[in-house]
Structure formats: structure tokens, C-alpha cells
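Chain identifiers are assigned alphabetically (A, B, ...) following the order of the sequence lines, protein sequences preceding nucleic acid strands; residue numbering begins at 1 within each chain.
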Protein chains: 2
Amino acid sequence: MEPDIASLAAMIADPSRAKMLTALLSGKALTATELALEADITAQTASNHLAKLLEKELLVVRKQGRHKYFQLAGEHIARLLENLMVLNHNITSIKTGPNDPSLKVSRVCYDHMAGEIAVALYAALLKQEIIIDKVDHCTLSPAGERFFITLGADFTTIKATTRPVCRPCLDWSERRSHLAGTLGQWILNDALHKGWAERDLVTRAIHFSPRGKRAFFNCYAIV
Amino acid sequence: MEPDIASLAAMIADPSRAKMLTALLSGKALTATELALEADITAQTASNHLAKLLEKELLVVRKQGRHKYFQLAGEHIARLLENLMVLNHNITSIKTGPNDPSLKVSRVCYDHMAGEIAVALYAALLKQEIIIDKVDHCTLSPAGERFFITLGADFTTIKATTRPVCRPCLDWSERRSHLAGTLGQWILNDALHKGWAERDLVTRAIHFSPRGKRAFFNCYAIV
DNA sequence: CCGATGCTTCGATGAGCAACGAAGTATACT
DNA sequence: AGTATACTTCGTTGCTCATCGAAGCATCGG
């Protein structure tokens with residue numbers, strides 16, 4: 001028979017679990033109590049939910065002393081969640097984008113950047129033909145690879161995984177593509193590493209310093 | 001705040017609704033009673049579910065006399081459902097593929113082909129460089145377009161929509177890509193039109209005649 | 001060791017909601 | 001018109017499951 005999509009969807013259908021999952025979209029590993037706080041429930045119920053999410057393999061866990069660090073089981077789960085956001089966003093809301101303005105400008109999407117700046121970056125990379133776009137996918141051009149090497153990117157590690165290097169990821173606030181994949185990951189890490197931006201300690205927001213933003217825009221020729 | 005993915009997921013989380021939705025993955029428009037039968041529930045409860053699915057815009061409806069024909073609201077919904085299938089499939093079952101052997105061989109996925117044959121077709125198109133694959137996307141090569149024109153394809157209509165012409169769609173039984181998009185749609189319609197295959201009247205299965213299968217394999221050089 | 005912290009198990013409570021029977025509305029067939 | 005068919009509305013029932021309090025286990029810090 002057809003596979004059982006209901007039980008998987010049910011994992012996301014509970015509001016508390018949904019809150020936990022979206023919190024984990026930050027890519028950070030969070031402890032059980034942090035997730036309980038995030039979802040506004042007690043530790044007991046959170047424990048219950050987390051057990052279910054583990055059983056269905058939406059999450060993985062790493063035990064460290066008396067803490068348990070939970071993470072999304074992989075990019076595929078993150079993609080599913082973002083997919084749901086895009087669909088639901090298109091459906092329910094007139095007002096576009098998140099209410100929190102800093103989330104709208106720049107935020108983390110699993111392990112890469114999303115939001116206005118990320119969408120502008122994607123457009124800039126396209127314009128310079130660093131990446132080549134084909135409706136719903138993209139590739140890195142040879143010139144693009146050279147460009148990133150001059151920035152200090154190490155393509156032996158970027159290409160080491162089975163994950164694609166470039167992947168367009170639909171931005172639920174902008175409804176346009178931004179860059180995911182290992183290269184998207186590298187760009188975020190690089191910007192953080194160079195001190196151009198910092199991750200918010202509680203939300204998914206990414207805060208650029210004024211200088212950092214100028215440097216970032218200059219580096220990638222974002223207009 | 002973050003968008004509300006829970007309520008959308010809840011639509012799919014109910015087993016009866018999930019059955020209806022998977023039935024509609026056939027791409028066919030089904031009436032309320034047909035869907036009630038499919039989900040093994042009475043007409044009243046089905047009516048209830050369908051109202052919810054309409055409200056959340058997972059379905060669209062066309063009224064025709066005393067019948068109401070329901071369809072998926074678009075390819076985006078179909079993709080979401082197939083995504084869920086892939087994930088759930090990878091997670092829960094050891095045995096790969098559907099139990100029904102004819103579904104495993106060939107079935108409809110919204111408006112294109114899926115299953116063993118469709119996966120073999122995708123591989124054959126790749127090998128002949130009719131389509132160019134890049135991990136998670138693909139494009140039609142110029143030679144490929146000429147090839148399909150000799151088969152009688154009309155690219156003015158194929159390219160008329162905003163939908164991509166080629167799109168890889170992960171096959172939940174084979175765990176490999178098959179071809180979606182308007183070209184995937186054309187291939188299915190063409191095969192049906194030429195009498196190589198017929199759609200099952202009740203399930204999503206596609207039945208190739210022995211001659212039809214030979215002709216299909218020969219046409220696309222499937223090995 | 002002992003208290004504090006993080007997480008889990010158990011049992012009870014309660015709310016949400018899927019399900020259906022019964023009755024109502026709309027359309028079609030003759 | 002009159003009956004059958006398709007779908008909807010209403011009210012009731014009953015089950016599932018999220019929630020939390022209480023108590024338990026594990027780990028850390030002194």
C-alpha cells in the first residue's frame with residue numbers, strides 16, 4: 001500500500017512540536033529544557049514530544065553529561081519544514097514575511113542564510129554568473145569556483161559530502177530563492193568568522209554590523 | 001513570528017484525509033463519495049474533511065451538477081505529499097517500495113510517471129544527454145529538445161506555463177529520480193495517447209501492454 | 001557523599017476532534 | 001411532480017493524546 005504519510009505529518013501537526021522544530025531550524029543543537037521553554041511547556045511534556053520525534057527520526061540527539069542536545073536529523077528535515085512554511089505562508093497570510101523585522105532582514109535557515117540579504121546575495125551571484133540558475137536549481141560556474149577560492153574557500157571540504165554544493169532554497173518571507181547547500185553553508189560561516197555578522201543568541205536572526213554589512217555587500221557586489 | 005506550519009501539517013496528519021490526498025495524487029479529479037470510499041468513511045465525515053482541506057487550500061473544487069470534483073490545489077501540494085512519502089519511506093520501512101507490484105513497476109505521480117520504468121527512463125535520458133542532471137535538478141539539452149520535437153512534442157505548449165519543463169522528482173519506491181515538470185507530463189500523455197499504456201481505473205497504477213512496453217523502451221532507448 | 005540540576009516515567013485530567021446517525025438542501029432522471 | 005442521488009448541517013459519542021503534578025533516575029559540583 002501507499003506509505004503512511006499521516007504519522008509523519010502528525011509529528012509536525014502538534015503546535016508544541018512544531019515550535020520545537022522551528023527552533024531547531026536555526027541549526028543549533030538545543031537541550032531538552034531549552035526546547036521546553038521554546039514551546040512553552042513543562043519539561044515532562046517536552047520529554048514526551050522529543051521521544052516521539054526521535055522515534056520517527058526527525059531529530060537526532062547527542063548526550064553530553066546530564067544534557068541532551070537535540071538537532072534536526074538532517075537537511076532533508078529542514079527542507080521539509082521550510083517547504084511547509086512556504087506553502088502555508090502563501091496560503092494564509094496577506095502580509096508578507098515575519099513580523100520580527102530583524103528576522104526579515106537576515107536569519108539562519110538550518111546552516112545557511114535566509115531573508116532579504118540572502119535573497120539579494122543570490123541575485124548578485126546570478127548576475128555575475130558565479131552561479132547559473134535554471135528555474136528551480138543552480139550550479140556553480142568554473143569562474144564562480146575560482147572566485148570563491150580567492151575568498152579562501154576550500155573546495156575539497158565543500159565538495160566532500162553527498163550534499164549538493166549549490167541548491168536554491170525558497171525563502172518563505174521573500175518568496176524568492178536564496179542559496180543553500182555546502183556553499184551556502186560556507187558563506188554563512190565565512191561571514192561569521194570574519195566578524196561581519198553575529199548570530200542572535202536566542203532567535204534565528206543574524207545581525208550584521210554596519211561595517212560588516214558594507215564589507216559583505218562589497219565582497220559579493222550586492223547592490 | 002514564525003509561520004504556523006502545524007495547522008497545515010495537521011491537514012495531512014489525519015489518516016482519512018491522508019488517504020484522500022494520496023488518492024488525489026493520481027491527478028484525477030474525484031467526487032466526494034469516491035473520496036469517502038477511498039478513505040473508508042461515511043459521506044458526512046468526508047464532507048467535513050473536504051471542507052477543511054478546501055479552507056486550507058490544499059484542494060480545489062469544481063462543481064458539476066450535483067457532483068463536486070476535488071483536485072489537489074496544484075503541483076506544489078503534490079510535491080509536498082511525495083516529499084513526505086520519501087522521508088517516511090526512508091524512515092519506517094525496511095522493505096523497499098509499495099506492496100502492490102504493479103504500483104512498483106509504474107504509477108502516476110500527479111501528472112507524470114513514477115516507479116521502476118520511470119526511473120529507468122530518467123537514467124536513459126541522462127545517458128543520451130537528452131537531459132542534463134545536476135544532483136538535484138536537470139535541464140533539457142538543445143539536442144534533447146530536437147529529439148522530443150521528432151516525437152511530435154509541441155514545445156510552445158510545453159513551455160507555456162510557469163512550471164519548469166524538467167524537474168527531477170524523487171521516487172519514494174525507488175529512491176531515485178524520475179522526471180516531472182511539463183515534459184514529464186507530456187511523456188505520460190504521449191504514452192497513453194499512443195496506446196502503449198493504460199491507466200488503472202481505480203489505483204494509480206499504469207499498465208503497459210507487452211507491445212507498448214517494447215515500443216516505449218525502444219523509443220527512449222531504455223535498457 | 002549531598003544537594004542541585006537535567007531529564008524521564010507514571011497516572012490522572014481534560015480538550016479537541018474524528019466519526020456517524022438523522023435530518024436537511026440541492027440537483028438530476030423520468 | 002416525485003423519487004433517487006449527491007452533498008451538507010447538526011448534535012452526540014467516544015477515543016486519542018497533549019498536558020501537568022508527583023515521583024524517580026542520572027549526573028554534576030562541591
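Between Glu34(B) atom CD and dT5(D) atom P there is a gap of 16 Å when expressed in whole angstrom units. Summarising the geometry, the separation between CZ on Arg66(B) and C1' on dT8(D) is reported as 16 Å, rounded to the nearest angstrom. In this structure, NZ of Lys19(B) is placed 13 Å from C1' of dA19(C), rounded to the nearest angstrom. Distance CD1 (Ile12(B)) to P (dC17(C)): 16 Å, rounded to an integer number of Å. Leu35(B) has its CG atom 13 Å from the C1' atom of dA6(D), to the nearest Å. In this structure, Leu50(B) places its CG atom 14 Å from C1' of dA18(C), rounding to the nearest Å. In this structure, His67(B) atom NE2 and dT5(D) atom C1' are separated by 8 Å, rounded to whole Å. Leu37(B) has its CG atom 14 Å from the P atom of dT5(D), to the nearest Å.
Put simply, the side chain of Arg17(A) gets close to the backbone of Ala10(A): a donor and an acceptor are under 3.5 Å apart.
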> Going through the checks in order, is the side-chain contact (heavy atoms from CB on, under 4.5 Å) test met by Leu192(A) and Leu188(A)?
Replying inline: CA-CA 6 Å; Leu192(A) 295 175; Leu188(A) 170 60; 3.9 Å; yes
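Counting non-hydrogen atoms under 4.0 angstrom, Ala32(B) reaches the backbone sugars and phosphates but no base.
Between Tyr220(B) and Phe148(B), the two ring planes are tilted [angle within 30° to 60°].
The pair Arg204(B)-Glu82(B) meets the salt-bridge criterion, since a charged nitrogen lies less than 4.0 angstrom from a carboxylate oxygen.
A cation-pi geometry, defined here as NZ or CZ lying under 6.0 Å from the six-membered ring centre and within 45° of its normal, does not hold between Lys68(A) and Phe70(A).
Looking at Leu87(A) and Leu58(B), their side chains never come closer than 4.5 Å, going by heavy atoms from C-beta outward. The closest side-chain heavy-atom distance from Thr22(A) to Met85(A) is below 4.5 Å.
When the side-chain nitrogen and oxygen atoms of Lys68(B) are compared with OP1 and OP2 of dA26(C), none of them lie within a distance under 4.0 Å.
Listed nucleotides dT9(D), dT8(C), dC7(C) differ in distance to Thr33(A); the shortest reach to its side chain belongs to dC7(C).
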> Nucleotide by nucleotide, 5' to 3', does protein get under 4.0 Å of the base (B), only the sugar-phosphate (S), or neither (-) in nucleotides 14-24 of chain D, counting heavy atoms?
Replying inline: ----SBBBB--
